[in-house]
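Accompanying notes for the structure given below.
What's counted below: heavy atoms across the whole structure, side chains too, no hydrogens, waters or symmetry copies.
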Amino acid sequence: MNRRSVLRAGAGLLAGGATAMAAPAADPTDGWTRTSFAYSWQKPWNLDLADRHSYSGGVHRMWVNATDEPFEEGSTTDPRTEMRWKVDYRTGDHMWDADVYLPSGTDGASFVQILRSVHPSGTPATDIMLNVYDTGGGTVRRYDGTVLKTGAYDTWFNVKIAHGASGGTGTVKVYFDDSLVLTVADRGPATRYFKNGVYDHGSGRAEARFRNLAYWTR
C-alpha cells in the first residue's frame, strides 16, 4: 500500500515509518455511573410467570402469544411479558443497557420502551418504543417508522437507550453495539421508567431475550 492509500484509509505515517491509528470511538457510558436497580413483572394476569419467562445462564427469556390475556384483568392493552424497572424519574440522565436477542418470526412486538407513567393529559404514553418486524431478516424500528437495524433476528446485539430528561423537552439517544443510531426529542415533562421484554402488537408468538442488563446514571 502506498502512502496515499494509507492516508485514505484514515492512518498517518509518523517518523520512522510508524502508523498513527484513528482514536477509538468513545464508549457511550464514559462519565456515567453504573447504578443498582430493581424491577417487577407484568405478564398475562391469569398465568404464572414461569409460563412466560425463564432464566438460565444469565439470560432472561420472555415470550407471549397474541391470544394471551393482558397484564391486568379487564385491561384492553395487548399481551405482554415485561420487566417494569422500578426506577421512576422526572429529570437527570438515565441509561438502559442490555444485550438483546430477537428470535425469527417475532413480528410487531416492542422489546424496550420508556413509559410515561404520569404525564399531562393529551400527551403520549411513551417517549420511545423499539419494535421488531418480520422483514429484512428482522427489522428494528422506532415505533413502526424509522428503520434502525435490519438482520436483527437470531443474533445478540447490545442496545443502550440514554435519556437526558429535563423540566422541559429532553433528548433520547439510541445506540446499537455502542454506535449512535438515533437522537430524538422526548415528549416533554413526565414521570417515566424503562420497560423491557415482549409486548405483542402483532399475531402469533413473540419472544425476546436479554442478558447483561445494566442501569447507568450521571
>> For Trp96 and Ile114: C-alpha separation, side-chain torsions, deciding distance, then whether side chain to side chain contact (heavy atoms under 4.5 Å, CB included) applies.
In response: CA-CA 9 Å; Trp96 180 94; Ile114 299 175; over 6 Å; no
> Do the ring planes of Tyr39 and His60 sit parallel (below 30°), tilted (30 to 60°) or perpendicular (above 60°)?
Replying inline: perpendicular
> With under 30° as parallel and over 60° as perpendicular, where do the rings of Phe194 and Tyr89 fit, or are they tilted in between?
Replying inline: tilted
Kindly compute the distance separating [atom1] ([X]) from [atom2] ([Y]), expressed to the nearest 0.5 Å.
X      : Y      : atom1 : atom2 : answer
Leu49  : Asp51  : CG    : CG    : 8.5 Å
Asn196 : Met62  : CG    : CE    : 5.0 Å
Ile128 : Arg142 : CD1   : CZ    : 6.0 Å
Arg209 : Ser54  : CZ    : OG    : 8.0 Å
His201 : Tyr143 : NE2   : OH    : 10.0 Å
Glu82  : Phe111 : CD    : CZ    : 12.0 Å

Please determine whether residues [X] and [Y] belong to a single hydrophobic cluster, defined as Ile, Leu, Val, Met, Phe, Trp and Tyr linked transitively by side-chain heavy-atom distances below 4.5 Å.
X      : Y      : result
Met95  : Ile161 : no
Leu102 : Val198 : yes
Leu115 : Val159 : no
Tyr215 : Tyr193 : no
Leu213 : Trp32  : no

Taking the side chain as C-beta and beyond, is there a heavy-atom pair between [X] and [Y] under 4.5 Å?
X      : Y      : result
Thr29  : Lys160 : yes
Val59  : Trp156 : yes
Val181 : Val140 : no
Met83  : Trp41  : yes
Arg52  : Asp68  : yes
Val147 : Arg141 : yes
Thr77  : Tyr199 : yes
Arg80  : Lys195 : yes

Check whether any side-chain N or O of [X] sits under 3.5 Å from a backbone N or O of [Y] as a donor-acceptor pair, and report yes or no.
X      : Y      : result
Asp177 : Phe157 : no
Thr81  : Trp63  : yes
Asp48  : Ala50  : no
Tyr55  : Arg61  : no
Asp107 : Asp134 : yes
Ser75  : Phe71  : no
Arg187 : Thr126 : yes
Tyr175 : Asn158 : no
Ser117 : Thr191 : yes

>> Run the side chain to side chain donor-acceptor pair (under 3.5 Å) test on Asp127 and His163 for me, step by step, so that the C-alpha distance in whole Å, both residues' side-chain angles and the decisive distance to 0.1 Å come before the verdict.
In response: CA-CA 9 Å; Asp127 285 307; His163 185 196; 4.5 Å; no
When you compare the side chains of [X] and [Y], does any donor N or O come within less than 3.5 Å of an acceptor on the partner?
X     : Y     : value
Glu73 : Trp45 : no
Asn65 : Thr67 : no
Gln42 : Arg84 : no

Looking only at non-hydrogen atoms, find the nearest pair between [X] and [Y] and report the distance.
X      : Y      : answer
Pro189 : Pro120 : O-CD, 3.4 Å
Thr91  : Gly167 : CG2-N, 4.3 Å
Gly188 : Arg116 : O-NH1, 2.8 Å
Asp93  : Gly164 : OD1-CA, 3.2 Å
Ser110 : Met129 : OG-SD, 3.4 Å
Asp154 : Pro103 : OD1-CA, 3.4 Å

> Going through the distances and angles, do Val172 and Val184 end up as a side chain to side chain contact (heavy atoms under 4.5 Å, CB included)?
Replying inline: CA-CA 5 Å; Val172 177; Val184 292; 4.1 Å; yes
> On the ring face of Trp216, is Arg218 found with NZ or CZ under 6.0 Å from the centre and within 45° of the axis?
Replying inline: no
> Looking at Tyr101, does the NZ or CZ of Arg211 lie under 6.0 angstrom from its six-membered ring centre and within 45 degrees of the ring axis?
Replying inline: no
>> Let's go through Thr169 and Asp186 carefully: what are the C-alpha distance in whole Å and the side-chain angles of both, what is the deciding distance for side chain to side chain contact (heavy atoms under 4.5 Å, CB included) to 0.1 Å, and is it a yes or a no?
In response: CA-CA 6 Å; Thr169 300; Asp186 65 21; 3.7 Å; yes
